[in-house]
Amino acid sequence: MNVAVILVAAGSGVRLGAGMPKAFAPLCGEPLLAHALRGVFGCGQVGHVIIVAPDFHVDQCRAAVRLLDGHRQAEVVPGGVDRSASVEAGLAALRHEDRIVLVHDVARALAPPDLFDRVIRAVRAGHPAVVPGLPVTDTVKVVDAQGRVLATPDRESLRGIQTPQGFLREVLQHAHAGGGSATDDAGLVERAGGHVRVITGDARALKITSPLDLLVATALLQDGQHAG
């Protein structure tokens with residue numbers, strides 16, 4: 001089964017404060033998009049890469065791919081009005097032979113190739129929807145609109161969910177056909193009645209949303225370079 005990756009890179013980056021779309025925010029001298037593509041291209045099981053670009057930045061995304069690795073190619077399509085619409089734009093660009101689809105966020109630019117491999121292997125093993133996740137270390141409270149605590153879930157059963165998230169193509173397409181929105185694609189699958197499997201995630205797949213996250217990502221990269 002051929003594997004496609006939809007890399008969602010259409011975010012505005014407002015919370016990051018970079019003054020540009022998040023895909024082009026600099027991290028150690030390179031845009032987040034370049035770092036994210038290294039993780040994707042580093043996975044030998046991936047046969048088709050689709051970048052969902054910010055409006056009016058399709059050519060800039062194509063240029064980033066050419067600069068990164070002339071031997072690997074990625075298709076670039078414009079994004080939609082929100083995340084769900086952007087993923088749907090990626091789904092529309094799938095090829096006939098793409099049977100496993102991974103959805104990844106450029107904000108998790110340091111997700112390593114091994115994480116992609118493990119998600120793909122879990123889908124191939126018979127799980128139609130697979131997400132990586134890490135145990136939640138903070139105590140979590142459920143609150144109402146007035147800030148009153150309604151419940152304290154047992155954190156042993158909680159996971160912080162990451163990307164890439166992997167699906168059989170028909171499962172992901174069915175979930176998006178149902179409409180609505182969710183904070184991740186697995187949420188749409190759950191809403192459609194599907195079963196989602198959680199595998200162990202990776203601390204390097206942190207979500208880069210704020211300037212502080214950029215500092216953490218910089219430290220992770222520098223540690224990795226030093227170790228190499």
Side-chain angles (χ1 to χ4, degrees), residues 3 5-8 11 15-16 22 27 32 35-36 38-40 42-43 45-46 83-84 87 100-144 147-168 171-172 175 181-227:
V3 178
V5 173
I6 297 173
L7 178 58
V8 181
R15 286 178 292 175
L16 199 56
K22 184 180 290 185
L27 172 61
L32 288 184
H35 293 284
R38 282 199 182 90
V40 176
C43 176
Q45 298 191 66
V46 174
R83 188 184 187 282
S84 292
V87 174
I100 294 175
V101 182
L102 271 60
V103 181
H104 187 43
D105 292 331
V106 75
R108 299 187 187 273
L110 302 187
D114 172 69
L115 186 58
F116 290 83
D117 278 323
R118 290 192 288 109
V119 170
I120 294 167
R121 287 200 303 267
V123 177
R124 291 191 189 279
H127 302 290
V130 176
V131 299
L134 293 175
V136 173
T137 55
D138 290 331
T139 296
V140 176
K141 302 286 187 184
V142 180
V143 301
D144 64 14
R148 292 175 296 194
V149 173
L150 301 178
T152 304
D154 178 9
R155 68 184 181 190
E156 290 298 317
S157 66
L158 300 177
R159 297 292 183 272
I161 300 303
Q162 304 174 322
T163 68
Q165 299 185 355
F167 309 89
L168 291 177
V171 169
L172 185 58
S181 62
T183 55
D184 69 349
D185 295 278
L188 293 176
V189 172
E190 294 161 32
R191 188 178 302 164
H195 297 286
V196 179
R197 175 67 177 265
V198 178
I199 65 169
T200 302
D202 192 298
R204 290 168 290 181
L206 79 161
K207 187 176 183 180
I208 302 172
T209 302
S210 69
L212 178 59
D213 298 327
L214 271 177
L215 290 175
V216 174
T218 298
L220 285 171
L221 273 178
Q222 291 173 342
D223 285 347
Q225 291 165 356
H226 179 71

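In this chain, residues are counted from 1 in sequence order.
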One pair to check against side-chain contact (heavy atoms from CB on, under 4.5 Å): Val8 and Val106. What are the steps and the verdict?
CA-CA 6 Å; Val8 181; Val106 75; over 6 Å; no
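- Closest non-hydrogen pair, Val87 versus Ile6, comes out as O-CD1, 4.0 Å.
- Separating the CD atom in Gln165 from the CG atom in Leu188 is a distance of 10.0 Å, to the nearest 0.5 Å.
- Panel note: side chain Arg197, backbone His127; no donor-acceptor pair is recorded below 3.5 Å.
- Counting only distance, with no hydrogens or angles, the side chain of Asp154 and the backbone of Ser157 share no donor-acceptor pair below 3.5 Å.
- Considering every non-hydrogen atom in both Pro153 and Val140, the closest pair reads CD-O, 3.1 Å.
- Between the CG atom of Leu134 and the CD1 atom of Ile161 there is a distance of 8.5 Å, given to the nearest 0.5 Å.
- Atom-to-atom distance recorded for Leu32:CG and Leu27:CG is 5.5 Å, nearest 0.5 angstrom.
- Taking 4.5 Å as the limit, every side-chain heavy atom of Thr152 sits out of range of all side-chain heavy atoms of Val142.
- Contact annotation: the side chain of Val3 approaches that of Leu102 to within less than 4.5 Å [non-hydrogen atoms, C-beta and beyond].
- When every heavy atom of Pro132 is checked against every heavy atom of Gly201, the shortest pair comes out as CB-CA, 3.7 Å.
- Atom CG of Leu214 sits about 10.5 Å away from atom CG of Leu221, to the nearest 0.5 Å.
- Summarising the geometry, atom OG1 belonging to Thr183 is positioned 8.5 Å from atom CZ belonging to Arg83; distances are rounded to the nearest 0.5 Å.
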Next item on the list: Verify side-chain contact (heavy atoms from CB on, under 4.5 Å) between Thr209 and Lys22, making sure each step is shown before the conclusion.
Entry: CA-CA 9 Å; Thr209 302; Lys22 184 180 290 185; 4.3 Å; yes
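- The distance from the NE2 atom of His35 to the CG atom of Leu220 is 11.5 Å, given to the nearest 0.5 Å.
- Between Val171 and Val189, some side-chain heavy-atom pair lies under the 4.5 Å cut-off.
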Sequence neighbours excluded and cut-off under 3.5 Å, please list the side-chain donor-acceptor pairs for residues 109-120, or say none.
from	atom 1	to	atom 2	distance (Å)
Asp114	OD2	Arg118	NE	3.0
Asp117	OD1	Gln45	NE2	3.1
Arg118	NH1	Thr200	O	2.6
Arg118	NH2	Thr200	O	3.2

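- No donor-acceptor contact under 3.5 angstrom links the side chains of Gln162 and Asp202, judged on distance only.
- Looking only at distances, no side-chain donor or acceptor of Asp105 sits under 3.5 Å from a matching main-chain atom of Ala107.
- With no hydrogens or angles considered, a side-chain donor-acceptor pair links Ser210 and Asp213 at under 3.5 Å.
- Between Glu156 and Arg159 the shortest heavy-atom distance is O-NH1, 3.1 Å.
- Residues Ala122 and Ile199 come closest through the heavy atom pair CB-CG2, 4.2 Å.
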Output, in order, the C-alpha distance, side-chain angles, deciding distance and verdict of side-chain contact (heavy atoms from CB on, under 4.5 Å) for Phe167 and Asp185.
CA-CA 9 Å; Phe167 309 89; Asp185 295 278; 3.7 Å; yes
